[in-house]
Amino acid sequence: MVHEVLMPRLSDTMEEGTISRWLKHVGDHIEKGDVLAEVETDKANMDCLSFVSGTLTKVLVEEGRTVKIGDVIAVVADEVAEGIAPSAQAPSGVSHETASQAPTTTAIAAEGVTTQSISTVERPSSSAASSPPTAVKNGERLFATPLARRLAQERSIDLALVKGSGPGGRITRDDIEHFKPSEGAPIAAPAIPSEAGGVLKQLSRMQQVIARRMVESKTQVPHFYLRMDVDVQALQDLRNALNSGVEKEKQVRFDAILIRMCALALKKFPEANASYRDGQFIYHEDINIGFAVALPNGLTVPVVRQCDRKGVRQIDEEMRPLIDRARAGKSATSDLEESTFSISNLGMYGVEEFDAVVNPPNAAILAIGAAIPTPVVWNQQIAIRPRMKLTLSADHRVLYGAPAAQFLQEIKRLIESPYEMLL
């Protein structure tokens, strides 16, 4: 039996994926559950798992190639039987029309294992078995994967200086990442388009989707903004009390407390825990709060689920592995799905206030600024108090002015009387 491995759907918004790295190679024995490849999606690098055991006989999509969900990316056979010898890795994305010949196959996708009959298809031609040349060295053509070419361009590395470790001397991602130029070796200058006067850099899959989704949000979601200034002295005192005598690595994050407060406010004002879809309102039963995590070339929004049913310490403990996986580019699909509300905190960077973009399908997102010592009238006297600005960005189709203001008022009340959330 021959099994086709399909590009799986690894996130709720994923439409296509890029093979970042193959972890298994043609001829390798595969066990069910083994990681075949790393796939760059719109949200993070995720693992593509095998749902069958057998031998990897074909790799049909090379590293750096982008294909749609459901396209065939590899072939696994139950055993390397006579007449089914391992083939060389193919250089480009291959769909059902160009997959390896097999009268009956099993299509493997991340959501589960689905058995289906596939019509007989053609074997890739031998001319497609090599990548196009990317450089010339001593009169000989050099071959490199698209991902290797992209990394070399970003790092200004001359491919002619790199020794390829792939089939036929092809230069791979590992070769670029481990490349160390010898002393005095020339380094290629970055390509600078003369008409633009700058360096052209391709967007990653995540950056492409961020760009698309932000445009969709700002053009399709009617935003409006509400701002409030809150006193955070009591909140700082509570956090200090919670962290007293606790080692630094286990101290409760400021965001964990705010997530708990937002959850309690959402429970009181369910309009803010809703979505607009196809002319209808969806009021979510669970309160799942996403929090923005900055990455070197983008951002992602992991989700803590059922925050109204969890204490501050439990929320903080659940945030830690979510943050670690996000920053390592290893977020699981479940880490990033099903948020009903979001927060974004730039206060640690000294930003006093900002307007966040609504994260569809959420109805709102809370932007949190820095706590700034500010002279204010307090108990009829001038005092220096730590003050923080909150900005609620809301979808006006779901939330109207007065309910949104009441929701923000409740968050302000909890921040200024934080011990109530412990009751």
Side-chain angles (χ1 to χ4, degrees), residues 12-13 213-232 235 254-292 301-312 315 318-319 336-346 353-369 388-418 420-423:
D12 53 342
T13 57
R213 284 175 58 82
M214 292 302 97
V215 170
E216 290 175 354
S217 178
K218 289 293 287 185
T219 57
Q220 298 179 18
V221 176
H223 286 58
F224 75 99
Y225 308 93
L226 298 177
R227 310 180 201 282
M228 282 191 182
D229 185 70
V230 300
D231 188 279
V232 293
L235 180 60
F254 185 60
D255 283 358
I257 302 175
L258 288 174
I259 286 175
R260 170 66 177 167
M261 291 176 172
C262 287
L264 295 177
L266 288 166
K267 193 171 184 178
K268 191 171 183 178
F269 294 93
E271 301 95 329
N273 196 52
S275 300
Y276 179 91
R277 183 184 301 167
D278 300 329
Q280 296 178 318
F281 295 147
I282 301 173
Y283 293 94
H284 303 289
E285 294 182 0
D286 289 336
I287 296 176
N288 304 331
I289 298 182
F291 57 99
V301 186
V303 181
V304 179
R305 288 171 166 74
Q306 300 179 340
C307 299
D308 57 317
R309 307 178 193 178
K310 297 172 181 175
V312 170
I315 291 173
E318 292 187 14
M319 289 175 68
L336 308 172
E337 292 182 337
E338 300 179 357
S339 68
T340 61
F341 184 83
S342 300
I343 69 168
S344 180
N345 185 356
L346 293 178
E353 63 177 301
F354 66 102
D355 298 337
V357 179
V358 171
N359 181 31
N362 298 172
I365 182 171
L366 183 69
I368 302 160
M388 181 175 71
K389 289 184 171 62
L390 303 177
T391 302
L392 183 72
S393 304
D395 182 346
H396 214 323
R397 298 172 300 179
V398 183
L399 272 175
Y400 304 129
Q406 292 173 325
F407 169 65
L408 192 55
Q409 274 185 328
E410 180 65 10
I411 295 176
K412 173 184 171 74
R413 188 186 70 79
L414 289 168
I415 289 175
E416 294 183 346
S417 303
E420 287 190 22
M421 74 172 183
L422 302 178
L423 300 178

Using a strict cut-off of less than 4.0 Å between a Lys/Arg side-chain nitrogen and an Asp/Glu carboxylate oxygen, indicate whether K268 and D308 qualify as a salt bridge. no

Taking side chain as C-beta onward, heavy atoms only, is H223 less than 4.5 Å from S217? yes

Taken to the nearest 0.5 Å, the spacing of L390 CG from M228 CE works out to 8.5 Å

Donor-acceptor contact present, side-chain S275 to main-chain P361, <3.5 Å: yes

Between R413 and E410, does any side-chain N to carboxylate O distance fall below 4.0 Å? yes

List for me each residue that meets ring-ring contact (aromatic ring centres under 6.0 Å, His included) alongside F354, sequence neighbours excluded, and say none if there are none. none

Closest heavy-atom pair and its distance - A364, L392: CB-CD1, 3.9 Å

Can you find a heavy atom in the side chain of L414 that is under 4.5 Å from one in the side chain of R260? no

F254 side chain near L235 side chain, heavy-atom distance below 4.5 Å: yes

Please enumerate all residues that pass ring-ring contact (aromatic ring centres under 6.0 Å, His included) together with F291, with sequence neighbours excluded. none

For M388 and I368, work out which heavy atoms get closest and say how close. SD-CG2, 3.6 Å

Would you check if the side chain of E416 reaches a backbone N or O of D231 as a donor-acceptor pair within less than 3.5 Å? yes

With a 3.5 Å distance limit and no angle check, can you tell me whether N362 reaches the backbone of S339 through a side-chain donor-acceptor pair? yes

Start with the C-alpha distance between E337 and R305, add both sets of side-chain angles, then the distance that settles side chain to side chain contact (heavy atoms under 4.5 Å, CB included), and finish with yes or no. CA-CA 10 Å; E337 292 182 337; R305 288 171 166 74; 4.0 Å; yes

One should read off an interatomic distance between L366 CG and I259 CD1, to the nearest 0.5 angstrom, of 10.5 Å

How long is the span from the SG atom in C307 to the CD atom in E318, to the nearest 0.5 Å? 8.0 Å

Heavy-atom closest contact (L408 atom, L226 atom, distance): CD2-O, 3.8 Å

Which of R227, K389, K218 passes salt bridge (charged side-chain N to carboxylate O under 4.0 Å, His left out) with D355? It is R227

Minimum heavy-atom separation for I415 to V230, with atom names? CG2-CG2, 4.2 Å

Distance-only, no hydrogens or angles: does the S393 side chain make a donor-acceptor pair with backbone N or O of A356 under 3.5 Å? yes

Nearest 0.5 Å please: distance from the CD atom of Q306 over to the OG1 atom of T340. 10.5 Å

Between N273 (side chain only) and D286 (backbone N and O only), is there a donor and an acceptor less than 3.5 Å apart? yes

Test side chain to side chain contact (heavy atoms under 4.5 Å, CB included) applied to I289 and V304, step by step: CA-CA 5 Å; I289 298 182; V304 179; 5.6 Å; no

Looking at K412 and D229, what are the two nearest heavy atoms and their distance? NZ-O, 2.7 Å

Is the backbone N or O of N359 less than 3.5 Å from a side-chain atom of R213, with the two atoms forming a donor-acceptor pair by type? no

Quick one: does any side-chain atom of S344 pair with a main-chain N or O of A367 as donor and acceptor, under 3.5 Å? no

Are I343 and C262 close enough that some pair of their side-chain heavy atoms sits under 4.5 Å apart? yes

Separation between CG (L266) and CD (E271), nearest 0.5 Å, reads 10.5 Å

Minimal non-hydrogen separation, Y283 against P270, with atom names: CD2-O, 3.7 Å

Parallel under 30°, tilted from 30 to 60°, perpendicular over 60°: which one fits the rings of F269 and F407? perpendicular

